[in-house]
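Worksheet for the structure shown next.
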Amino acid sequence: MQSETTEGGIFFRPEDDFDPAKIFECGQCFRWNPDRSGTYTGVAMGRAVRLQACEGGYIISCTEKDFADIWFDYFDFGRHYADMRARLSTDAYMRAACEHGAGIRLLNQDKWETLCSFILSQCNNIGRIKKIVEALCRAHGDPIAFEGGVRYTFPSAEKLASLQAEDLVPLRAGYRVPYILSAARSVAEGRLDLDALSGLSFDAALHALKAERGIGDKVANCVILFSLRIPEAFPIDVHMKRAVEAHYGKLFDPSVFGELAGLAQQYMFHYQRTGKDPYT
DNA sequence: AAACAGGCCTAAA
DNA sequence: TTTAGGCCTGTT
């Protein structure tokens, strides 16, 4: 990947798929927002950054060290998405989904933030999830100075574990509050070691996550795919269920996509939500 | 107004 | 093993 220090941050030229709008709006993250010009600002990995398109590439407002140590991996620049799309284009439907989703990348996000955010996501729409997450960060995260204003980090599991349910009433997160507090305590007290999970098999990681209150198949698969980097995770929500059954029937097994299953899911999901699939 | 959201849990077949 | 109803809250 070509990158260099420039005015306002690091200039980089992605080798293949990189469409910020698709990456940030395809439902895998909740803390990136665009302005009118399509420039995104986000808070992730304990930092606030701006990502803007420019002639021939993009500029991200960070140091060279952070680009190498954090953002390269966060944006999954080590994998070749054009190749993976080609390998997933095994039938007319997947070809259409891959083409429609060209530019998507799977982010490698913070494990605890992903776990907590997707617990909050259950039975909620993206707008409300984002509001709840921002309220959580504003109230309990650490402030970061950013472009003359202030942003807030995602609060650590230890921080949340020190709170009571009544402290989180202002989030308006309802019955999900006890779930995130319980998860925070499991992580803070070492019963749930998220870093260790990423070294396990998919089945083992799934089993460990589902042992937590408030974490079922869907949330666990999101955590595994979006933060544990175990690529065969395949989250199935109501939209995915519809897409899968329409094209592959009720007996579909995501393992037919092997290690590309998670990415296949993203393309299918995005196509289902924003594309024009004549069969669903 | 009543139903429904990008699930999960529990109880009951 | 599968299914129904309830759950906080906000929106339609």
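Residue numbers start from 1 in every chain, and the chains themselves are labelled A, B, ... in the order their sequence lines are given, proteins ahead of strands.
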*Got a salt bridge between Asp16(A) and Arg105(A), using NZ or NE/NH1/NH2 to carboxylate O under 4.0 Å?*
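So Asp16(A) pairs with Arg105(A) through a salt bridge.
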*With the threshold set at 4.0 Å, does a side-chain nitrogen-carboxylate oxygen contact exist between Asp73(A) and Arg229(A)?*
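Yes, charged N to carboxylate O under 4.0 Å.
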Show each protein N/O and nucleotides 2-5 of chain B N/O combination with a separation under 3.5 Å, one pair to a line.
none

Answer with yes or no whether the side chains of [Y] and [X] bring together a donor and an acceptor at under 3.5 Å.
{"X": "Asp91(A)", "Y": "Tyr248(A)", "answer": "yes"}
{"X": "Ser201(A)", "Y": "Asp203(A)", "answer": "no"}
{"X": "Tyr271(A)", "Y": "Glu99(A)", "answer": "no"}
{"X": "Ser227(A)", "Y": "Gln109(A)", "answer": "no"}
{"X": "Ser255(A)", "Y": "Glu232(A)", "answer": "no"}

*Roughly how far apart, to the nearest Å, are dA11(B) and dC8(C) at atom P?*
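Here dA11(B) and dC8(C) have their P atoms 15 Å from each other.
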*Interface residues of residues 261-272 of chain A with DNA chain B (non-hydrogen, below 4.0 angstrom)*: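 Here the set is Phe269(A).
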*Taking C-beta and beyond as the side chain, do Cys123(A) and Arg176(A) meet within less than 4.5 Å on heavy atoms?*
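The answer is yes; the side chains approach within 4.5 Å.
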*Show the numbers, then the answer: is there a side-chain hydrogen bond (donor to acceptor under 3.5 Å, both in side chains) between His100(A) and Asp277(A)?*
CA-CA 10 Å; His100(A) 185 258; Asp277(A) 183 351; over 6 Å; no
*Sidechain-backbone polar pair: Lys22(A) side chain, Ala102(A) backbone, donor-acceptor under 3.5 Å*: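 Yes; judged by distance alone, with no hydrogens or angles, the pair exists.
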Calculate the interatomic distance between [X] atom [atom1] and [N] atom [atom2]; express it in whole Å.
{"X": "Ile180(A)", "N": "dC7(C)", "atom1": "CD1", "atom2": "C1'", "answer": "16 Å"}
{"X": "Lys241(A)", "N": "dT3(C)", "atom1": "NZ", "atom2": "C1'", "answer": "12 Å"}
{"X": "Ile132(A)", "N": "dT11(C)", "atom1": "CD1", "atom2": "P", "answer": "11 Å"}
{"X": "Leu120(A)", "N": "dT9(C)", "atom1": "CG", "atom2": "P", "answer": "13 Å"}
{"X": "Leu171(A)", "N": "dG10(C)", "atom1": "CG", "atom2": "P", "answer": "11 Å"}

*Consecutive Watson-Crick or G-U pairs in runs of at least 3, all under 3.5 Å, in which DNA chain B is involved*: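 For DNA chain B the paired stretches long enough to count as stems (3 pairs minimum) are B:2-5 with C:9-12, B:7-13 with C:1-7.
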*Can you tell me how far CG of Leu228(A) sits from SG of Cys222(A), rounded to the nearest 0.5 angstrom?*
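Answer rounded to 0.5 Å: 11.5 Å.
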*Under 4.5 Å side-chain linkage, directly or through intermediates, the cluster mates of Leu251(A)*: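 None; Leu251(A) is a cluster of one.
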*Residue pairs passing the side chain to side chain donor-acceptor pair (under 3.5 Å) test where at least one lies in residues 53-63 of chain A, sequence neighbours excluded*: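 Pairs touching residues 53-63 of chain A that pass the test: none.
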*Going 5' to 3' along nucleotides 8-13 of chain B, which nucleotides have protein heavy atoms under 4.0 Å from the base (write B), which only from the sugar-phosphate (write S), and which from neither (write -)?*
SSS---
